[in-house]
There are 2 protein chains.
Amino acid sequence: MAQSIYTAEALKAELNSKGCRMTPQREKILKAFQELPEGEHLSAEDLYHKLQAQNENISLSTIYRTVKMMARMGILRELELAEDHKHYELNQPRPHHHHHLICVKTNKVIEFKNDQVLSISQKVAEKYGFQVLDCELRIVGISPEGQRSIF
Amino acid sequence: MAQSIYTAEALKAELNSKGCRMTPQREKILKAFQELPEGEHLSAEDLYHKLQAQNENISLSTIYRTVKMMARMGILRELELAEDHKHYELNQPRPHHHHHLICVKTNKVIEFKNDQVLSISQKVAEKYGFQVLDCELRIVGISPEGQRSIF
DNA sequence: CTGTGTGCAAAGAATTTGCACCAAA
DNA sequence: TTTGGTGCAAATTCTTTGCACACAG
């Protein structure tokens, strides 16, 4: 099952099985996400700077290529929050998925968890023969602060 | 309640109450979405071409400005499907919200409905004092076809 | 009239791509 | 040695913005 591959060795094996290669860059990117506290997520740019701060010079192009690849492998989950760029985080095994409550006016984002959502997703995916990599309930609305503003 | 404003008159009233104005462009954009079959959605570009085809020349800028505004008013829902641009559709009253099952490999999108998701959303939003405009369960995974492809 | 909305063209931001060189397997 | 990966810079794509003119209230 793809979503529990977290060691560098396992990543290498997974890559090789697809005719792809392990590289220092890929290993460091994986490590960066593993070191991230639960609930945090990075944009490509964030990751780039985080690595720079650790004296790891990996180009932005490689980062974009790698995170997209890892998302397709089910290692990372790709989040679309209110901003206009994607964020990534490790795709946790089933019980840790979390969801988002987003304000259209203030762009405020609240995270929450919910087990029912997970089982619903599982059931729906099964019906269509899909293998679930990720599920996310996005509730879009207006926060208390937003309700006060005219526009 | 914002989400049931569908007539041009109601839109006008809603706009005026906020110091905004009704325009032919806004009316035509609303109409375009109303004519859309249930379950279909348009990108800004799609909408632009659809209007062109009806000999309605509305600029892309106006379209972008208008759909974003209508989404913030709760008239349209903004969808982030697998592609890298947003799609819009009329925001149906509660029981019609639908959700998406998306394949990361083939970009195939399947729509489905689920009442439980709706009540979960309502409950969560209430807890944080949010007014719900829209909710969407996004299940990301690999379709049967995708499972066959190497990458 | 007053100020909001529109169209145009230009600017921006995020992401992707072509290509020469580098390095896993 | 072969083929996939990386870095760089340029190109794309989607979206936003400044400004002059048009028009709704």
Side-chain angles (χ1 to χ4, degrees), chain A residues 8-30 32 41-49 51-52 55-73 76 78-88 104 107 150-151, chain B residues 8-30 32 41-49 51-52 55-73 76 78-88 104 107 150-151:
Chain A
E9 288 69 33
L11 173 59
K12 180 176 192 309
E14 176 79 1
L15 287 167
N16 290 350
S17 80
K18 291 190 158 60
C20 300
R21 295 170 184 175
M22 183 52 136
T23 65
Q25 288 89 337
R26 289 174 182 174
E27 186 167 347
K28 280 163 195 152
I29 289 172
L30 176 63
H41 27 67
L42 303 173
S43 65
E45 200 86 28
D46 293 337
L47 178 54
Y48 179 67
H49 290 120
L51 290 165
Q52 293 259 307
N55 284 307
E56 306 289 4
N57 279 68
I58 299 180
S59 75
L60 250 185
S61 323
T62 296
I63 289 179
Y64 273 109
R65 282 187 282 235
T66 305
V67 293
K68 175 165 273 191
M69 174 192 221
M70 289 184 173
R72 306 229 291 184
M73 292 171 73
L76 298 180
E78 192 176 84
L79 304 171
E80 322 250 14
L81 305 180
E83 306 102 85
D84 53 0
H85 54 270
K86 292 171 184 153
H87 280 231
Y88 296 86
V104 269
N107 274 0
I150 318 152
F151 201 77
Chain B
E9 287 69 32
L11 174 59
K12 179 174 191 311
E14 175 78 2
L15 286 167
N16 291 351
S17 79
K18 291 189 157 59
C20 299
R21 294 168 184 175
M22 183 52 137
T23 65
Q25 289 88 338
R26 288 173 182 174
E27 185 165 348
K28 279 164 195 152
I29 289 172
L30 176 64
H41 26 69
L42 303 173
S43 65
E45 200 87 27
D46 293 340
L47 178 54
Y48 179 68
H49 291 121
L51 289 166
Q52 292 261 307
N55 283 308
E56 305 290 4
N57 279 67
I58 300 181
S59 74
L60 249 186
S61 325
T62 294
I63 288 179
Y64 273 109
R65 282 187 281 237
T66 306
V67 293
K68 175 166 273 192
M69 173 193 222
M70 289 184 172
R72 307 228 291 184
M73 292 172 72
L76 298 181
E78 193 176 83
L79 304 171
E80 321 252 13
L81 304 179
E83 306 103 87
D84 54 358
H85 55 270
K86 292 171 183 153
H87 280 231
Y88 296 85
V104 268
N107 275 0
I150 319 154
F151 203 77

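Because the structure is a prediction, the values reported are computed rather than measured. Throughout, protein chains are lettered first and strands after them, A, B, ... in sequence-line order, and every chain is numbered starting at 1.
- When rounded to the nearest whole Å, the span between CD of B:Glu14 and C1' of D:dA24 equals 18 Å.
- Atom-to-atom, CD1 of B:Ile63 to P of C:dG7 comes out at 8 Å; the value is rounded to the nearest Å.
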Reading 5' to 3' through nucleotides 11-19 of chain C, protein heavy-atom contacts under 4.0 Å coded B for base, S for sugar-phosphate only, - for none: ---SBBBB-
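- Rounding to the nearest 0.5 Å places CE of A:Met22 at 7.5 Å from CD of A:Glu9.
- Dashed line: the shortest gap from a side-chain N or O of A:Gln25 to OP1 or OP2 of D:dG7 is under 4.0 Å.
- If you measure from atom CD1 of B:Ile58 to atom P of C:dC8, you get 12 Å, rounded to the nearest angstrom.
- Between the CG atom of B:Leu15 and the P atom of D:dA24 there is a distance of 13 Å, rounded to whole Å.
- Remark: B:Tyr88 OH to B:Ile63 CD1 distance equals 11.5 Å, nearest 0.5 Å.
- Note that OH of B:Tyr64 and CG of B:Leu47 are 10.5 Å apart. Values are rounded to the nearest 0.5 Å.
- For the OP1/OP2 pair of C:dA25 and a distance below 4.0 Å, the side-chain nitrogens and oxygens of A:Asn16 include at least one atom meeting the criterion.
- Smallest separation of non-hydrogen atoms from A:Lys28 and A:Leu51: O-CD2, 4.2 Å.
- Contact check, B:Thr62 against C:dG7: a side-chain N or O comes under 4.0 Å of OP1 or OP2.
- Taking atom CE of residue A:Met69 and atom C1' of nucleotide D:dT6, one finds them 13 Å apart after rounding to whole Å.
- Straight-line distance from the CZ atom of B:Arg21 to the P atom of D:dG25: 7 Å, rounded to whole Å.
- Look at OH on B:Tyr48: it is 7 Å from P on C:dC8, rounded to the nearest Å.
- In terms of modelled atom types and a separation under 3.5 Å, the side chain of B:Arg26 and the main chain of B:Arg21 share a donor-acceptor contact.
- Recorded end-axis angle for the helix from C:dC1-D:dG25 to C:dA25-D:dT1 stands at 50°, based on five pairs per end and rounded to 10 degrees.
- Within the model, atoms CG of B:Leu15 and CE of B:Met70 stand 7.0 Å from one another, a figure rounded to the nearest 0.5 Å.
- Of the residues near DNA chain D, B:Thr23 and A:Thr23, the one whose nearest nucleotide (by heavy atom distance) lies more toward the 5' end is A:Thr23.
- Distance check: A:Met69 CE to A:Ile29 CD1 gives 10.5 Å after rounding to the nearest 0.5 Å.
- Annotation: the span from A:Lys86 atom NZ to A:His41 atom NE2 amounts to 15.5 Å, rounded to 0.5 Å.
- Here D:dA24 presents its C1' atom at 8 Å from NZ of B:Lys12, a figure rounded to the nearest Å.
- Within the 4.5 Å cutoff, no side-chain heavy atoms of B:Leu11 are placed close to those of B:Glu27.
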